[in-house]
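What you see is a predicted model, and the numbers here were worked out from it, not measured in a lab. For the single chain, residues carry numbers from 1 onward in sequence order.
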Amino acid sequence: MIEPCNASDSCPSYLSYRLPWDSKISEIAFRFQVNVSDLLAANSIDSNQSNQILPQKSLVKIPISCWCVDGIRRSLSTRYTIGATDSLMSVSEVYGGLVSAEQIGSANGVDAAEHPLASGQSLVIPLPCTCFNNSNNGAASVYMSYVVQSGDALTRIAAEYGVTVGNLVIINGLGQTQIDPGDILAIPLAACSSANQNWYNESLIVPNGSYSLTANNCVKCGCRPTDLSLECSPSGIVEKCSHLQCKDSNLFIGERHQNHTTSGCNVTSCIYRGHLGGKIFRSLVNSTDVKCLGKQSEPAGSPMESPATSCIAPYLSPSPLSPSQYSHSSKSHSLGLLNSSSAHRHTKKSPSQVLHFISLLVFGAYL
């Protein structure tokens, strides 16, 4: 999909990158000239996993800025240094089909047939991206460029990313639902936005399944999938961060205090409100819930709690799922989580155990 434009603005965008070989996360970040912390956040991977090795064919979301260049949206911030045995085709393969050899040659004014590439030569890598005002049917969205693989179908892609086939057809200007390997689709990812949260001097949009570091990396904001709302808390990765505690309370950003009442529960929350320079803005907010959650004072539930126990994002996958596999993907898609079948085995009961169990049931029914 090529999005025409006539302004000089930019937007956050993603690339769906299939690894051509096993790669460290830090190597992938270097390959696309993006910050390691931004790459970890885009894939909801814990901040201490930059040297983790991801297997060949894993899908990784690459966060990029999408600019308006010569009337179309694209990213030109990635550069590649030619090695001794490189060709335009081999460089294209490095980027997983996101850009063709012809596109690389055209962007750099290079005709490899007439002028062989020189070792050490630096090439601009024109990568696809779209903005569409970060909106999809009025809902906040971040668009991801996805390379169609052999065996892919619009129905599977739509189901995997929570959109409709009709939506993909309209967004990508398709005359039919037929897609071919190598096609690049723009896919809208549902996102959380700070647009209506009265933040000071800051706007943030975070795709579902990702998080974002802000306020000089002192604050981590995740997107809660249940209602697509931003939830922020101290990141814990920066030693010296001030202004994380709300005034006149013992609550830090992301924490709340519950006060049980006869009619329900009064909740006081410490909410992040943006930042300016070294100052972090926050405020206390009072609300009422029908019932309390159990603890008197606790951090607000965050969709980013999972990296503490599983450092691989569920997005990472060794290969595309077939339609029959997809129905089970939400439970088994994570590379980092394995369920032991032994945990589900039932031991054989002796006759005395069975009689004892039945007597307990009868006694419980009598009570």
Of all the heavy-atom pairs spanning [X] and [Y], show the shortest one and how long it is.
X      : Y      : answer
Ala29  : Leu39  : N-CD2, 3.7 Å
Asn136 : Pro188 : ND2-CG, 3.6 Å
Leu204 : Ser194 : N-OG, 2.8 Å
Ser122 : Asn108 : O-OD1, 4.4 Å
Tyr211 : Ser47  : OH-N, 4.2 Å

Euclidean distance, [Y] [atom2] relative to [X] [atom1], rounded to 0.5 Å:
X      : Y      : atom1 : atom2 : value
Leu59  : Arg18  : CG    : CZ    : 4.0 Å
Leu54  : Glu27  : CG    : CD    : 10.0 Å
Cys223 : Asn208 : SG    : CG    : 5.0 Å
Ile72  : Glu3   : CD1   : CD    : 10.0 Å

Could you tell me whether the side chains of [X] and [Y] share a donor-acceptor contact shorter than 3.5 Å?
X      : Y      : answer
Asn266 : Asn286 : no
Tyr143 : Asn134 : no
Ser229 : Asp227 : yes
Arg73  : Thr130 : no
Glu202 : Tyr272 : yes
Ser23  : Arg31  : yes

Please say which of Leu88, Val94, Asp86 ends up in a side-chain contact (heavy atoms from CB on, under 4.5 Å) with Ser90.
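That would be Asp86.
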State whether the SG distance for the cysteine pair [X]/[Y] is less than 2.5 Å.
X      : Y      : value
Cys5   : Cys131 : no
Cys11  : Cys66  : no
Cys221 : Cys192 : no

Just checking Asn198: does its CG atom have more than 12 heavy atoms from other residues, nucleotides or ligands closer to it than 6.0 angstrom?
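It does not: Asn198 CG has 12 such atoms or fewer within range.
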Crowded around Asp9 CG? As in, over 12 foreign heavy atoms under 6.0 Å?
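Counting neighbours around CG of Asp9, more than 12 heavy atoms of other residues, nucleotides or ligands fall under 6.0 Å, so yes.
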The test is salt bridge (charged side-chain N to carboxylate O under 4.0 Å, His left out); show your working for Lys57 and Asp22 and say whether it passes.
CA-CA 8 Å; Lys57 294 186 179 180; Asp22 295 357; over 6 Å; no
Between Val267 and Cys265, is a side chain to side chain contact (heavy atoms under 4.5 Å, CB included) present by the stated rule, with each step listed?
CA-CA 6 Å; Val267 181; Cys265 191; 4.2 Å; yes
Cluster question for you: counting only ILVMFWY and a side-chain heavy-atom cut-off of under 4.5 Å, with indirect links fine, are Ile64 and Val91 together?
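In one cluster: yes.
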Between Lys61 and Asp38, does any side-chain N to carboxylate O distance fall below 4.0 Å?
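Looking at Asp38 together with Lys61, the answer is no, because their closest N to O distance does not fall below 4.0 Å.
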Tell me if a side-chain donor or acceptor on Ser13 pairs with a main-chain N or O of Cys129 at a distance below 3.5 Å.
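Between the backbone of Cys129 and the side chain of Ser13 there is no qualifying donor-acceptor contact (under 3.5 Å).
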Chi angles and distances behind the side chain to side chain contact (heavy atoms under 4.5 Å, CB included) call for Ser242, Leu244
CA-CA 6 Å; Ser242 58; Leu244 294 177; over 6 Å; no
Tell me, with the steps shown, if Val60 and Leu15 meet side chain to side chain contact (heavy atoms under 4.5 Å, CB included).
CA-CA 8 Å; Val60 183; Leu15 303 171; over 6 Å; no
Please evaluate residues Tyr146 and Asp152 with respect to the criterion side chain to side chain donor-acceptor pair (under 3.5 Å), reporting the C-alpha separation (whole Å), side-chain torsions for both, the decisive distance (0.1 Å), and the verdict.
CA-CA 11 Å; Tyr146 175 87; Asp152 267 344; 2.8 Å; yes
Determine whether Leu168 and Leu174 satisfy the following criterion, side chain to side chain contact (heavy atoms under 4.5 Å, CB included), listing intermediate values before the conclusion.
CA-CA 8 Å; Leu168 290 180; Leu174 302 176; 5.6 Å; no
